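This report refers to the structure that appears directly beneath it.
None of these values were measured; they are calculated from a predicted model. As a basis for the values below, the full set of heavy atoms in this structure was taken, side chains included, without hydrogen atoms, waters or symmetry mates.
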Amino acid sequence: RIISDKINKWIGSITLAEDNSVWIGTANGLYNYFYDSNEIYRHSISNNEKEEKINTVKSRRNGNILVGTDYGLIEYTPQNKNRHDITNGNSLSDISVMGILESNDEIIWISTQDGLVKYNPADSSFFNYSLADGLQDNQFQLNAAYKGDNGIMYFGGIGGLSFFNQNLDNNYHHDLPPIYFTELYVN
């Protein structure tokens, strides 16, 4: 059990990093705990106090930390303390990030209060999924996200559980074949 006056008592999310350190998202910021040395460090990710309230954290395979807040998604690089606002300046700014998963091919899946978002860091593209695409609801619950060993992504929300293969093609519902009438009868 860790008790420290250096860390906020409201802990909302925990993730294990590649270096076996623990990243902790709290109501007043991001912390990094090193078990072997029993040291804990606070990392400031914003000058905006509201963005310091962290909903969810997820360690990436590249060593960076994804931080979800009520104001969007941030990628934090611990080595140089660089912050990249992934959702700032696009249609996803000011989204409330509820959960984060990374697929095997490094695609980032973001559950929000307004649907599910697929983010491709390679080309900075976003694709939004909603109730119309078969989700349980557009509203997801905080940290109700899990990636199974079989590649299935699970996200929990107010209407139940949405799950799918991580290799989901984001154009599946946009590339429907055309409809042709061969006959039409009217009564």
Taking the six-membered ring for Trp, are Y33 and Y31 closer than 6.0 Å centroid to centroid? no
Between I14 and V22, does the side chain to side chain contact (heavy atoms under 4.5 Å, CB included) criterion hold? Intermediate values first, please. CA-CA 7 Å; I14 299 171; V22 177; 3.4 Å; yes
For the residue pair K118 and N120, confirm or rule out a side-chain donor-acceptor distance under 3.5 Å. no
Rounded to the nearest 0.5 Å, how far does NZ of K58 lie from CD1 of I110? 13.5 Å
Side-chain donor or acceptor of S111 paired with backbone N/O of G99 under 3.5 Å: yes
Do I86 and I100 belong together in a cluster built from hydrophobic side chains that touch within less than 4.5 Å? yes
Under a plain distance cut-off of 3.5 Å, with no hydrogens placed, do T56 and N143 share a side-chain donor-acceptor pair? yes
Which is it for N32 and S21 under the side-chain hydrogen bond (donor to acceptor under 3.5 Å, both in side chains) test, yes or no, and what are the steps along the way? CA-CA 7 Å; N32 190 209; S21 68; 3.0 Å; yes
So does Y35 get a backbone contact from the side chain of N38, meaning a donor-acceptor N/O pair under 3.5 Å? no
Check salt bridge (Lys or Arg N to Asp or Glu O under 4.0 Å) between R42 and all other residues, then give those that pass, not counting sequence neighbours. E52
Grouping I, L, V, M, F, W and Y whenever their side-chain heavy atoms are under 4.5 Å apart, do Y146 and L16 come out in a common cluster? no
Nearest-0.5 Å distance, CE of residue M153 to CG of residue L116: 9.5 Å
Quick one: does any side-chain atom of D123 pair with a main-chain N or O of S125 as donor and acceptor, under 3.5 Å? yes
Residues 59-67, side-chain donor-acceptor partners within the protein, below 3.5 Å, at least two apart:
from	atom 1	to	atom 2	distance (Å)
R60	NE	E102	OE2	3.1
R60	NH1	E75	OE2	2.9
R60	NH2	E102	OE2	3.2
R61	NH1	N104	O	3.3
R61	NH2	S103	O	3.1
R61	NH2	N104	O	2.4
N62	OD1	N64	N	2.8
N64	OD1	T77	OG1	3.3
N64	ND2	E75	OE2	3.0

same_hphob_cluster(Y129, F140) at 4.5 Å side-chain heavy-atom cutoff: yes
Determine whether Q141 and I158 make a side-chain contact, defined as any pair of heavy atoms from C-beta on separated by less than 4.5 Å. yes
Can you confirm whether more than 12 heavy atoms, excluding those of F34, are under 6.0 Å from its CZ atom? yes
Residues two or more places apart in sequence or in another chain: which of them pass ring-ring contact (aromatic ring centres under 6.0 Å, His included) with H84? none
If you group Ile, Leu, Val, Met, Phe, Trp and Tyr by side-chain heavy-atom gaps below 4.5 Å, do I95 and Y119 land in one group? yes
May I ask you to check whether over 12 heavy atoms, not counting those of D149, lie within 6.0 Å of atom CG? no
List the atom of W23, the atom of P78, and the distance in Å for their closest heavy-atom pair. CZ2-CG, 3.6 Å
For the residue pair S13 and I54, establish whether any side-chain heavy-atom pair is separated by less than 4.5 Å. no
Spacing of CD1 belonging to I24 relative to CG belonging to L30, to within rounding of 0.5 Å: 9.0 Å
Give a yes or no on whether the backbone of Q113 and the side-chain of S96 come within a donor-acceptor separation of less than 3.5 Å. no
Is any side-chain heavy atom of F155 less than 4.5 Å from a side-chain heavy atom of L101? yes
Just by distance, do the side chain of D137 and the backbone of G157 share a donor-acceptor pair under 3.5 Å? no
Between L142 and M98, what is the shortest heavy-atom contact and its length? N-CE, 3.5 Å
Shared hydrophobic cluster for L135 and L161 (ILVMFWY, side-chain gaps under 4.5 Å): no
Between the side chains of D114 and T112, is a donor N or O closer than 3.5 angstrom to an acceptor N or O? no
Residues T87 and Y71: closest non-hydrogen pair is OG1-O, 4.3 Å
May I ask you to check whether W109 and Y154 place their ring centres under 6.0 Å from each other? no
Quick check for you: to the nearest 0.5 Å, what is the distance between I45 atom CD1 and I74 atom CD1? 4.0 Å
